[in-house]
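Data block below; observations after.
Values in this document were obtained by computation on a predicted structure and should not be read as measured data. Heavy atoms only: backbone and side chains are in, while hydrogens, waters and symmetry mates are out. Along the sequence shown, residues carry numbers from 1.
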Amino acid sequence: MNHRLQPLYRMLAGASGLYVLIFGIVAVTKTQEFDFFAQDGLPWSLGLRANRAFAVLSIVAGAVIVAGAVIGRNVDHLINLVGGVVFLVAGMAMMVLMQTDLNFLGFTMTTCIVSFVIGMVLLAAGLYGKTGSTRAAELEERFRHGGSPDPTEHTWAFHGGPKPASQTEDHRFA
């Protein structure tokens, strides 16, 4: 929470979203004469091949990511976490389906790699993009180092209090 590089991650997520948005706009203009789900002979747009379905999907995804980066607060944190997972899963799924008739978005290996890179950037931005009050950040930091109970109330939480210091010192991960 309140990571010191949070503005950098937010800027990288915004730049990734802007690339996806611009790619989608350029791809829509270049794929006017192709079928919506065409798979063969697709034109290049900003280094990637795309059909109109993928272009429209890119415009929507890019607009959501850019909007999250502009809004900030914890909206971008959630959008980046979800977006990162979606880009990683989409890249993996399309890599599996690439040489089949189910490649309805016209992905190539280059598109899969770019999807993985954007997914990792968004995931990192989501993991380090959470913001909160100074007090909440202090509680979170104290919890990370075994000094206090979890500051977030969970429905599954154990209410037996924090572990003894001897137990947390020997079994600490962070």
Side-chain angles (χ1 to χ4, degrees), residues 1-31 34-132 136-137 140-141 143-144 152 154 173-174:
M1 186 177 297
N2 296 346
H3 192 272
R4 59 186 165 77
L5 295 178
Q6 190 265 344
L8 173 67
Y9 289 115
R10 184 173 167 191
M11 188 266 313
L12 289 173
S16 297
L18 193 61
Y19 170 79
V20 171
L21 179 64
I22 293 171
F23 161 76
I25 293 169
V26 170
V28 162
T29 61
K30 289 189 172 189
T31 58
F34 291 90
D35 290 335
F36 200 70
F37 292 106
Q39 294 181 5
D40 298 318
L42 298 174
W44 290 92
S45 303
L46 298 181
L48 304 174
R49 291 190 185 269
N51 59 21
R52 266 191 297 156
F54 183 45
V56 170
L57 194 60
S58 296
I59 290 172
V60 172
V64 168
I65 294 166
V66 169
V70 169
I71 293 170
R73 296 186 298 268
N74 283 329
V75 173
D76 64 334
H77 162 72
L78 295 172
I79 288 173
N80 292 338
L81 279 177
V82 171
V85 171
V86 167
F87 270 85
L88 291 172
V89 168
M92 187 64 70
M94 295 314 288
M95 190 166 57
V96 169
L97 301 173
M98 193 180 318
Q99 299 297 321
T100 68
D101 290 335
L102 296 175
N103 186 6
F104 58 92
L105 295 178
F107 266 46
T108 63
M109 188 50 124
T110 306
T111 314
C112 292
I113 292 169
V114 169
S115 183
F116 291 145
V117 170
I118 290 173
M120 292 303 295
V121 167
L122 292 177
L123 194 59
L127 290 173
Y128 292 105
K130 189 173 183 182
T131 58
E140 195 75 28
E141 190 66 22
F143 170 69
R144 269 189 55 227
T152 306
H154 303 285
F173 290 106

Under 3.5 Å, sequence neighbours excluded: what are the donor-acceptor pairs made by side chains of residues 35-50?
| residue | atom | partner | partner atom | Å |
| --- | --- | --- | --- | --- |
| Gln39 | NE2 | Asp101 | O | 2.9 |
| Gln39 | NE2 | Asn103 | O | 3.1 |
| Arg49 | NH1 | Leu42 | O | 2.3 |

Looking at Ile118 and Ser16, what are the two nearest heavy atoms and their distance? CG2-CB, 4.2 Å

Here the pair of heavy atoms bringing Leu122 nearest to Ala13 is CD2-CB, 3.8 Å

Atom pair OH (Tyr128) and CG (Leu123), whose distance is rounded to the nearest 0.5 Å: 10.0 Å

Worked verdict on Val114 versus Phe23 for side chain to side chain contact (heavy atoms under 4.5 Å, CB included): CA-CA 12 Å; Val114 169; Phe23 161 76; over 6 Å; no

Cut-off 3.5 Å, no hydrogens considered: what does the side-chain donor-acceptor table look like for residues 76-99, sequence neighbours left out?
| residue | atom | partner | partner atom | Å |
| --- | --- | --- | --- | --- |
| His77 | ND1 | Gly126 | O | 2.6 |
| Asn80 | ND2 | Asp76 | O | 3.0 |

Where the side chain of [X] meets the backbone of [Y], is there a donor-acceptor pair that is under 3.5 Å apart?
X     : Y      : answer
Asn51 : Phe104 : yes
Ser58 : Phe54  : yes
Arg10 : Val70  : yes

